[in-house]
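Data first, discussion second: the structure below is written as structure tokens.
Letters go in sequence order (proteins before strands), and every chain restarts at 1.
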Number of protein chains: 2
Amino acid sequence: MGRLPRFETAAVVSSARELFWREGYEGASVSALQQATGLNSSSIYHAFGSKRGLFDAAIEDYLASVVRPGLARLRAEQVDPEAIVDYLATVRELVLDPAGHTLPDGCLLVNTACSGIARDPEVAAVVSAYRSELAESFGRGIAARFPEASAADREHLTRTCVASLVAALALTRVDGEAAAGFLESALALLRRPHPIA
Amino acid sequence: MGRLPRFETAAVVSSARELFWREGYEGASVSALQQATGLNSSSIYHAFGSKRGLFDAAIEDYLASVVRPGLARLRAEQVDPEAIVDYLATVRELVLDPAGHTLPDGCLLVNTACSGIARDPEVAAVVSAYRSELAESFGRGIAARFPEASAADREHLTRTCVASLVAALALTRVDGEAAAGFLESALALLRRPHPIA
DNA sequence: ACTTTTGTGAAACGCTCACTCCACTATAGT
DNA sequence: ACTATAGTGGAGTGAGCGTTTCACAAAAGT
């Protein structure tokens with residue numbers, strides 16, 4: 001019953017996600033969100049309650065449409081020993097793109113962690129869960145690559161790889177070469193025969 | 001000639017630096033800066049030209065008063081082989097502080113890199129130079145610790161340590177334990193007898 | 001056909017933003 | 001003492017912020 005919406009929620013959230021990714025939560029004004037989504041503010045507030053509600057939806061969409069597809073091979077039942085290397089090498093290519101068209105704004109969630117809204121406990125929990133998810137996926141990739149290593153060594157290597165990724169995404173905007181360097185050195189660790197001497 | 005200022009520039013910039021660190025460039029409003037510094041807006045604009053001018057001064061002060069003193073032992077002529085370990089261990093303690101009173105907001109420059117103002121080329125250059133400065137200092141610490149390692153190995157280890165620091169500072173706000181974990185794993189690399197097997 | 005429910009459009013809300021203006025005060029040089 | 005210069009206080013600028021309101025449009029259930 002009632003009038004049908006003239007928009008597709010998925011497309012709206014996807015547009016909002018792009019804007020938040022580019023401009024950050026504080027930097028994406030509601031009027032810019034109106035332009036990006038094609039909805040006017042009354043529809044936005046009707047559908048999502050607040051700018052914050054749309055942001056939450058955009059984060060969910062980011063995880064579902066950007067993060068998890070990228071991690072798919074690391075989340076599979078059988079993990080390819082090359083999967084973790086391929087993942088980091090792919091991100092390295094993206095941040096190195098000279099035109100900067102592919103991954104110009106780093107990671108929506110890393111950017112969020114460094115912004116004021118990260119003081120909101122719910123937002124902090126989402127970013128923290130994202131880091132856990134990265135760590136779990138990377139851990140599986142590293143276990144597949146170094147099956148004979150100790151759990152402690154794999155744990156350290158996993159955290160180092162996650163740190164290299166987070167740092168690369170944090171600095172993509174200001175220095176793509178440096179970001180690629182972080183990933184290159186993480187790859188160097190993964191290309192050794194054993195994780196720890 | 002002319003009336004003398006009723007404030008000390010150093011104290012004003014230091015207060016502004018704290019506010020920008022806590023709230024970010026966009027998040028620190030001019031009226032909040034008035035409260036923090038004790039100056040009213042006309043004095044701020046007279047002395048610094050713009051909010052952005054005060055921000056630039058705050059960044060300079062951050063480098064001079066926070067970053068470089070911390071790196072002092074790594075910038076000395078003779079670098080202690082323990083200096084790089086001590087540095088990372090100290091940061092680890094700071095981000096782990098349960099009350100979060102010591103380093104609650106990560107790094108002013110990392111936060112800046114993840115915000116909208118990082119698209120300004122001058123700001124990007126300052127953050128990029130900060131990363132270079134970190135890398136050079138860490139490189140010296142690692143050369144002192146692993147004098148017999150190859151240049152390539154030291155380079156990789158340096159970048160991995162810088163990445164671990166940057167990632168820890170990026171996530172301090174949302175997950176201090178995870179930030180400490182990044183540093184812990186970097187320390188594990190440094191505590192091995194040789195950087196690469 | 002009519003009621004009920006829901007989405008839409010446009011205008012406006014009070015508020016804060018970065019910034020400016022100007023009269024006034026205070027000092028240094030002459 | 002006077003002039004030139006520079007800092008201060010306070011009110012005010014227009015623009016933009018997130019959000020709300022409300023009359024109206026459109027579709028589902030009876």
Side-chain angles (χ1 to χ4, degrees), chain A residues 1-59 108 111-112 115-120 122-123, chain B residues 1-59 108 111-112 115-120 122-123:
Chain A
M1 34 182 132
R3 181 172 169 177
L4 297 182
R6 292 165 54 85
F7 59 89
E8 287 179 46
T9 303
V12 164
V13 172
S14 169
S15 303
R17 178 240 293 164
E18 282 181 34
L19 190 70
F20 281 126
W21 196 349
R22 205 162 356 104
E23 307 292 342
Y25 176 75
E26 290 92 351
S29 72
V30 172
S31 79
L33 286 162
Q34 289 183 247
Q35 277 195 269
T37 60
L39 269 60
N40 68 8
S41 62
S42 93
S43 294
I44 290 177
Y45 280 82
H46 189 85
F48 301 98
S50 63
K51 176 183 174 182
R52 179 57 197 285
L54 179 51
F55 181 68
D56 292 343
I59 284 189
L108 171 57
N111 296 349
T112 298
S115 80
I117 202 182
R119 258 197 225 83
D120 180 312
E122 290 182 32
V123 171
Chain B
M1 34 185 136
R3 181 172 170 176
L4 297 183
R6 290 166 55 85
F7 60 88
E8 286 179 48
T9 303
V12 164
V13 172
S14 169
S15 302
R17 178 239 294 163
E18 282 181 35
L19 190 70
F20 281 126
W21 196 349
R22 203 160 359 101
E23 306 293 342
Y25 175 75
E26 290 92 352
S29 73
V30 172
S31 81
L33 286 163
Q34 290 182 245
Q35 278 196 266
T37 61
L39 269 60
N40 69 8
S41 63
S42 90
S43 294
I44 289 177
Y45 280 84
H46 189 84
F48 300 99
S50 63
K51 176 184 174 182
R52 179 58 198 285
L54 179 52
F55 181 69
D56 292 343
I59 283 189
L108 171 57
N111 295 350
T112 299
S115 80
I117 202 181
R119 260 198 224 84
D120 181 313
E122 291 182 30
V123 171

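Remark: A/R22 CZ to A/N111 CG distance equals 12.5 Å, nearest 0.5 Å. Between the CD atom of A/Q34 and the CD1 atom of A/I44 there is a distance of 5.5 Å, given to the nearest 0.5 Å. A distance of 7.0 Å separates CG in A/L39 from CZ in A/F48, rounded to the nearest 0.5 Å. A distance of 8.5 Å separates CD of A/E26 from OG1 of A/T112, quoted to the nearest 0.5 Å. To the nearest 0.5 Å, atom CH2 of residue A/W21 and atom CD of residue A/E18 are 8.0 Å apart. To the nearest 0.5 Å, the span separating CG on A/L54 from OG on A/S50 amounts to 8.5 Å.
Between the P atom of C/dG29 and the CG atom of B/L4 lies a distance of 10 Å, rounded to the nearest Å. Here the P atom of nucleotide D/dA26 and the CZ atom of A/F7 are 16 Å apart, to the nearest Å. In this entry the distance linking CD of A/E26 with P of D/dG18 reads 10 Å, nearest Å.
Stacking of A/K51 on the aromatic ring of A/Y25 is recorded, both the 6.0 Å distance cut-off and the 45° axial limit being met.
Each of A/Y25 and B/G2 has a nearest nucleotide on DNA chain D; the 5'-most of these lies closest to B/G2.
For A/R3 and C/dT5, a side-chain-to-base donor-acceptor distance below 3.5 Å is absent, hydrogens and geometry of angles not being considered.
Near DNA chain C, meaning a heavy atom under 4.0 Å from it, residues 28-57 of chain A has A/N40, A/S41, A/S42, A/S43, A/H46 in order of number.
Helix-axis bend for the helix from C/dA1-D/dT30 to C/dT30-D/dA1: the local axis fitted to the five terminal pairs at one end deviates from that at the other end by 0°, rounded to 10°.
With hydrogens and angles disregarded, a donor-acceptor distance shorter than 3.5 Å links the side chain of A/S15 to the backbone of A/A11.
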